[in-house]
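This report refers to the structure that appears directly beneath it.
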Amino acid sequence: VSGLSGSIRVDGSSTVGPLTQAMAEQFSGSNPDVDVTVGQAGTGGGFEKFCVGETAINDASREIEPEEAAICKKNNIPYEGLQVANDALTVVVNPNNPNTCLSVEQLASIWGPDNPASSWSDVEGTDSSFSADIERFGPGTTSGTFDYFTDAINGEEGVQTKDYNNVGENDNQTVTGVEGSEGGIGYFGFSYYEENASQLKALEIKNPDTGKCVAPSEETVQDGSYAPLGRPLFMYPNTDDAAKDPVKGFLTYYLDNVNDIAPSVGFITLTDEQLKKSQDTLASMTG
């Protein structure tokens, strides 16, 4: 795909944003006359814009919600979801924290809505020699990462203790916060951990079915063992826009090249089956 012109507005997930930005830069190499802007308002904030027609594509770290779908429908905005990558939602702690693996129940006792643990020694089953105060860092409520984590850990989307440092869509604040606090804990997409692995420690998560502690990695996300925090990442294009260039050209380029580029920006590639499904969905949109 080359020689296209026009502009494409993308917004949405701050997790998917860096991947879309990387894809846009590569695409611009052969299509300098296409202006692709990539915002990072969060998955929910992005759908607010997308469902009133302000953007052509929304990046999303979860599937579209029924109430968002209803707004899109009311405004005659047609869409399809395309899975573009996989992610390991990664829980990070300060390197001085001796704990290496937490279960869903232990994470819920730290992040739950009611009386969350205030020090590490309050968390049942953790290393009793470590009693630092827990300092939580996490994304804002329009974040798809927030939605996904709260659903997986606390059993209900959007339900979490209010006693945490809300970093909005700025995951770098979680990095500096956890690095600077001995009892710090935070969560974000795998790419942010990969970028900052020298300053942070990623916890293994106890798989609820097997009871095994599993570290976040490409292999464990693709084989399903990094549960429940392995997750798919999406783009939602407006299907009217996707049927014509330059959006059609950009989406085609994206899926043709994403598995080559994703690992270099910290993302986990699609399996062959996932990629084929996304390409088939795009083909049906673009006719």
Side-chain angles (χ1 to χ4, degrees), residues 4-25 27-28 31 34-85 87 89 138-151 157-158 166-173 188-189 191-192 231-255 258 265 267 278 281-282 285-286:
L4 302 175
S5 61
S7 62
I8 303 171
R9 274 195 69 188
V10 187
D11 211 319
S13 167
S14 67
T15 302
V16 187
L19 177 60
T20 297
Q21 189 63 52
M23 298 303 304
E25 283 163 17
F27 176 75
S28 296
N31 295 279
V34 179
D35 177 33
V36 186
T37 56
V38 183
Q40 294 188 17
T43 299
F47 274 128
E48 283 176 18
K49 298 178 184 185
F50 178 79
C51 290
V52 294
E54 286 178 25
T55 54
I57 300 168
N58 194 53
D59 288 336
S61 63
R62 57 158 172 76
E63 292 188 10
I64 190 168
E65 303 276 5
E67 54 272 27
E68 291 161 343
I71 297 168
C72 273
K73 188 176 179 185
K74 192 180 99 184
N75 293 314
N76 296 317
I77 304 292
Y79 61 84
E80 287 275 2
L82 301 172
Q83 186 178 349
V84 292
D87 187 27
L89 209 164
T141 55
T142 61
S143 160
T145 300
F146 173 85
D147 292 338
Y148 196 96
F149 183 84
T150 50
D151 188 30
E157 194 177 291
N166 181 336
V167 303
E169 293 298 321
N170 186 354
D171 291 315
N172 292 318
Q173 282 184 21
F188 41 42
S191 63
Y192 284 95
R231 60 177 178 165
L233 299 175
F234 303 97
M235 294 178 102
Y236 279 79
N238 178 316
T239 45
D240 288 346
D241 292 327
K244 49 193 191 286
D245 285 326
V247 176
K248 177 181 175 180
F250 177 58
L251 292 170
T252 303
Y253 180 89
Y254 201 118
L255 292 180
V258 70
V265 275
F267 290 83
S278 289
T281 303
L282 180 60
M285 270 193 260
T286 55

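Within the 4.5 Å cutoff, side-chain heavy atoms of F27 are placed close to those of V34.
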Step by step, would you call T145 with S61 a side chain to side chain contact (heavy atoms under 4.5 Å, CB included)?
CA-CA 6 Å; T145 300; S61 63; 3.9 Å; yes

As a quick check of understanding, evaluate side chain to side chain contact (heavy atoms under 4.5 Å, CB included) for D35 and I8, giving each step before the final call.
CA-CA 6 Å; D35 177 33; I8 303 171; over 6 Å; no

Taking it one step at a time, do D59 and F234 satisfy side chain to side chain contact (heavy atoms under 4.5 Å, CB included)?
CA-CA 6 Å; D59 288 336; F234 303 97; over 6 Å; no

Could you go through the side chain to side chain contact (heavy atoms under 4.5 Å, CB included) check for V36 and V10 one step at a time?
CA-CA 7 Å; V36 186; V10 187; 4.2 Å; yes

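With sequence neighbours left out, the salt bridge (Lys or Arg N to Asp or Glu O under 4.0 Å) criterion links E65 to R62. Here K73 pairs with nothing under the salt bridge (Lys or Arg N to Asp or Glu O under 4.0 Å) rule; sequence neighbours left out. Taking E25 as the reference, Q21 meet the side-chain hydrogen bond (donor to acceptor under 3.5 Å, both in side chains) condition, with sequence neighbours excluded.
Here side chain to side chain donor-acceptor pair (under 3.5 Å) pairs that include residues 234-246, with residues two or more places apart or in two chains, number zero. Legend: salt bridge (Lys or Arg N to Asp or Glu O under 4.0 Å) pairs involving residues 7-20, not counting sequence neighbours, sorted by first then second residue: D11-K49.
More than 12 non-hydrogen atoms from other residues, nucleotides or ligands lie less than 6.0 angstrom from CD of Q173.
In this structure, the side chain of N31 engages the main chain of L4 through a donor-acceptor pair within 3.5 Å. No donor-acceptor pair under 3.5 Å is formed between the side chain of E80 and the backbone N or O of L82. T150 contributes a side-chain N or O that, together with a main-chain N or O of F146, makes up a donor-acceptor pair within less than 3.5 Å. Remark: the backbone N or O of I71 is paired with a side-chain donor or acceptor of N75 at under 3.5 angstrom. No donor-acceptor pair under 3.5 Å is formed between the side chain of S13 and the backbone N or O of T43.
Listed here is the closest heavy atom pair of D171 and S14: OD2-OG, 3.7 Å. Residues G140 and N166 approach most closely at CA-OD1, 3.3 Å, considering heavy atoms. Shortest non-hydrogen contact noted between M235 and P237 is O-CD, 3.5 Å. Nearest heavy-atom pair across F50 and C72 is CD2-SG, 3.8 Å. Closest approach of G81 and T281 over heavy atoms only: O-CG2, 4.1 Å. In terms of heavy-atom proximity, R231 sits nearest to G189 at NH2-CA, 4.0 Å.
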Could you go through residues 246-255 and list every donor-acceptor pair under 3.5 Å that involves a side-chain atom there, pairing it with any protein atom two or more places apart or in another chain?
from: T252; atom 1: OG1; to: K248; atom 2: O; distance (Å): 2.8
from: Y254; atom 1: OH; to: T20; atom 2: OG1; distance (Å): 2.9

